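These numbers were taken from a predicted model, which means no experiment stands behind them. Quick note on labels: first sequence line is chain A, next is B, and so on, each numbered from 1.
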Amino acid sequence: MLKYTDYSIVFSEIPDEVTLAINLSNCPNKCKGCHSPWLMDDIGEELTNSALSNLIQKYEDEITCICFMGGDIDPKRVNELAQYIHDDWNQINVGWYSGKSENPDCISVKNFQYIKLGGYKEHLGGLNSPQTNQRLYKCLPNGEKVDITFKFQKKQL
Amino acid sequence: MSSSEIQIIKRNGKAEHFSIEKIKNAIRKAFLAAGSFATDEELTSILGRVHISSYMNVEEIQNQVEVALMAEKYYSVAKRYMLYRQQHSEDRDELDKLSFLIDYCNAENPATGSKFDANANVEQKNIATLIGELPKKNFIRLNRRLLTDRLKEMYGKEFSDKYLDLLNHHFIYKNDETSLANYCASITMYPWLLNGTSSIGGNSKAPTNLKSFCGGFVNMVFMVSSMLSGACATPEFLMYMNYFIGLEFGKDYYLKVDDVVDLSIRKRTLDKVICDYFEQIVYSINQPTGARNFQAVFWNIAYYDKFYFESLFGEFRFPDGSQPDWNSLSWLQKRFMKWFNKERTKTVLTFPVETMALLSENGDVKDKEYGDFTAEMYAEGHSFFTYMSDNADSLSSCCRLRNEIQDNGFSYTLGAGGVSTGSKSVLTINLNRCIQFANKRGMHYLTFLEEVVDLVHKVQLGYNENLKMLQEKGMLPLFDAGYINLNRQYMTIGVNGLVEAAEFLGIKINDNPKYAAFVQEVLGLIETYNKKYRDKNILFNCEMIPAENVGVKHAKWDREDGYIVTRDCYNSYFYAVEDNCLNILDKIRMHGEKYIKHLTGGSALHLNLEEHLNQPQYRQILKVAAKEGCNYFTFNIPNTICNECGHIDKRHLKECPNCHSKNVDYLTRIIGYMKRISNFSAARQNEAAQRYYENATVKEDCLKED
């Protein structure tokens with residue numbers, strides 16, 4: 001089971017997309033220096049298919065992507081939800097922010113357009129740090145994953 | 001009680017021990033001035049008629065002395081006493097001005113120092129800005145007198161008194177009362193193209209080439225602005241410039257901009273020549289202006305997509321019979337935007353305020369090339385407004401107002417009819433006070449509001465009559481010469497305190513049916529009256545005013561008078577600026593069709609973002625705006641300006657990327673204009689600090705809604 005605490009519309013997490021980000025709780029990774037430590041607690045409401053569907057319906061014509069923030073406690077369920085989105089909202093991309101360093105077997109890459117891997121390591125920094133251990137991959141239809149972490153490096157305007 | 005135990009109230013509001021000697025002295029002086037001498041006996045009989053009780057104020061006591069002198073039949077002494085009082089009151093007025101002068105000199109910045117009508121469009125306080133501040137109070141009195149005299153004549157004294165009563169009790173606010181001129185205008189430059197500035201009192205002939213166009217344009221904008229209190233929009237600026245470039249370098253000039261066209265040793269390319277003209281015009285117009293109290297003129301321009309251009313200028317002919325050319329104009333529009341964006345990293349350039357006019361269709365921008373380009377410019381950090389409409393039936397004439405276009409036709413004397421519009425005057429309703437007042441009286445707020453709405457329309461008709469009188473006396477050459485058409489200008493009804501009024505009624509400020517119904521009900525009422533009072537010579541619209549300083553004043557006055565006031569500056573948007581639970585899509589929706597449909601004069605949505613989005617993201621936001629019917633918006637990302645080395649960066653940074661100093665200031669919009677935050681008035685700086693800049697990353701403290 002997965003629980004969610006809140007959602008928001010974000011632009012920085014997934015480049016080029018207008019993303020509905022859903023914060024999932026009960027995170028097992030316990031990274032030191034986590035920017036949302038309360039998400040380690042078992043809080044919020046269950047993210048059922050209908051709860052997800054209600055959220056999406058609020059913004060379905062306006063967003064281009066939905067991203068699950070966390071959910072490592074039950075990756076199988078993340079995969080199911082991604083599948084559910086693809087079946088009903090084919091035009092919306094799906095992303096997943098995981099703290100694991102490897103893709104769990106229960107995750108089918110074809111259900112996702114973006115997957116972020118890697119726990120937060122304080123001394124290496126987040127995705128916009130040049131030394132980061134974290135990686136954001138773009139998942140291609142053929143199952144191939146392309147590393148697009150470079151897109152987080154701030155460019156001069 | 002002995003007289004020394006009695007406390008009286010001085011003019012400054014403070015209590016003081018009463019002193020009979022002070023009154024005696026004043027009476028003795030009046031006797032001396034009348035050429036006689038007051039005996040103790042006379043003093044006693046006069047003072048016998050004066051009754052002092054505790055907490056009486058000085059004016060009341062002096063009134064009693066006047067009456068006592070008359071009753072004792074010392075008429076010439078009474079006259080002297082009255083003259084003496086009058087003289088002192090004049091002295092006090094001067095003292096007030098003096099102390100204002102000192103306060104202004106000591107104020108942090110010009111906007112905080114300004115007593116009336118503060119705005120941040122002045123960089124520095126100096127002797128010229130002080131000269132502009134001093135007569136403001138007199139202008140307010142004069143304008144009020146002009147208007148109330150007219151109202152008495154049209155509707156009687158009772159009505160005029162009612163207007164003053166609502167004004168003095170802050171149910172309504174007369175905007176720009178410190179200026180005699182009508183408010184803002186989007187002008188047609190055709191009369192200038194035909195006759196130069198002679199018809200508006202200037203001495204320059206019609207422009208004949210690129211050089212005379214660029215030089216003459218600056219002069220013309222200065223002249224027009226000096227006869228307006230607000231903005232001057234020149235929606236045809238680039239179209240005319242394009243015409244003159246074409247005359248000089250051929251209609252296909254945009255295909256050969258890399259050619260060297262300057263035979264001087266500088267060997268400039270055509271592109272460089274054009275950008276040098278941009279520089280001449282933009283830098284000249286951004287100069288502080290003597291005639292406008294050291295403010296720069298408020299200059300606005302517009303860009304068009306292909307479809308907007310065709311419907312506004314499809315019939316247009318230059319005096320030589322030629323038509324404007326879209327391909328070269330499109331190149332010039334894009335070139336100007338790119339140049340201006342880059343130039344803004346060198347200097348703080350406030351003007352022109354730019355608006356991109358895009359036609360929408362089926363939930364997207366119709367001209368895809370311009371949709372992509374608009375998103376590209378936002379992604380490159382350029383700050384400008386977008387105006388979107390599904391029909392080219394309206395135009396934004398300044399950074400806040402949209403106006404419906406009355407006539408898209410073309411005439412050989414006035415040019416394109418569509419561009420001539422604007423607002424003659426704004427009169428604002430303080431909705432929060434009106435609604436709370438009605439509630440206190442046990443009245444339905446719509447009943448009271450309807451009275452106020454009806455009154456403001458009548459007052460605006462009075463203002464219009466005064467304007468017509470000025471025109472008859474030849475005081476408004478902009479109208480006579482055809483730059484502005486009096487009948488195509490709007491009388492604007494402003495609203496302020498809408499969010500606060502809804503909050504008072506217990507309505508949640510987010511996209512919900514109750515809030516939408518409230519907004520439609522209130523704005524719908526105003527629109528009903530706009531239509532009721534409209535005829536072929538007068539048009540009304542309704543605008544949510546930017547409340548540059550009115551929002552601060554209303555909050556202060558309402559709080560002082562015991563109304564419920566939850567913030568220090570009333571909102572200029574349909575959402576609360578400090579609410580961090582509304583995301584960018586919610587805000588667009590709250591400025592969408594459902595909310596703005598009765599807001600005929602518009603309100604620009606300012607989307608405050610912490611970081612820039614990239615091109616595909618801005619492009620998607622344009623689609624969202626088209627879908628939601630959010631027709632007027634911009635993005636604010638505070639730009640960083642280093643106080644040490646002067647470096648300007650389009651990003652919101654804590655440290656200067658150039659010299660690594662942490663002594664940085666930020667540029668953001670105060671209403672329409674990009675300004676340093678430190679130039680805002682103190683109260684506005686506070687509001688800016690509370691603005692929620694969407695972080696673009698996941699938020700922490702927003703619990704999910706129902």
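If you measure heavy-atom distances from I22(A) to chain B, you find no contacts under 4.5 Å at all. Residue K627(B) touches chain A through its side chain alone, counting heavy-atom pairs closer than 4.5 Å. If you measure heavy-atom distances from E628(B) to chain A, the contacts under 4.5 Å come from the side chain alone. At a 4.5 Å heavy-atom cutoff, the contact between E62(A) and chain B is made by backbone and side-chain atoms alike. Looking at I63(A), both its backbone and its side chain come within 4.5 Å of chain B, counting heavy atoms on both sides. Interface remark: R589(B) contributes side-chain atoms only to the contact with chain A (heavy atom separation under 4.5 Å).
Tested against D586(B), the residues N583(B), I588(B), I584(B) include a single side chain to side chain contact (heavy atoms under 4.5 Å, CB included) partner, N583(B).
Here Y515(B) pairs with Y595(B) under the ring-ring contact (aromatic ring centres under 6.0 Å, His included) rule; sequence neighbours left out.
Taking the six-membered ring where the residue is Trp, the centroids of F384(B) and Y378(B) are separated by under 6.0 Å.
Between the CH2 atom in W89(A) and the CD1 atom in I56(A) there is a gap of 4.0 Å [rounded to 0.5 Å].
Relative orientation of the F385(B) and Y632(B) rings is tilted, given thresholds of 30° and 60° on the angle between their planes.
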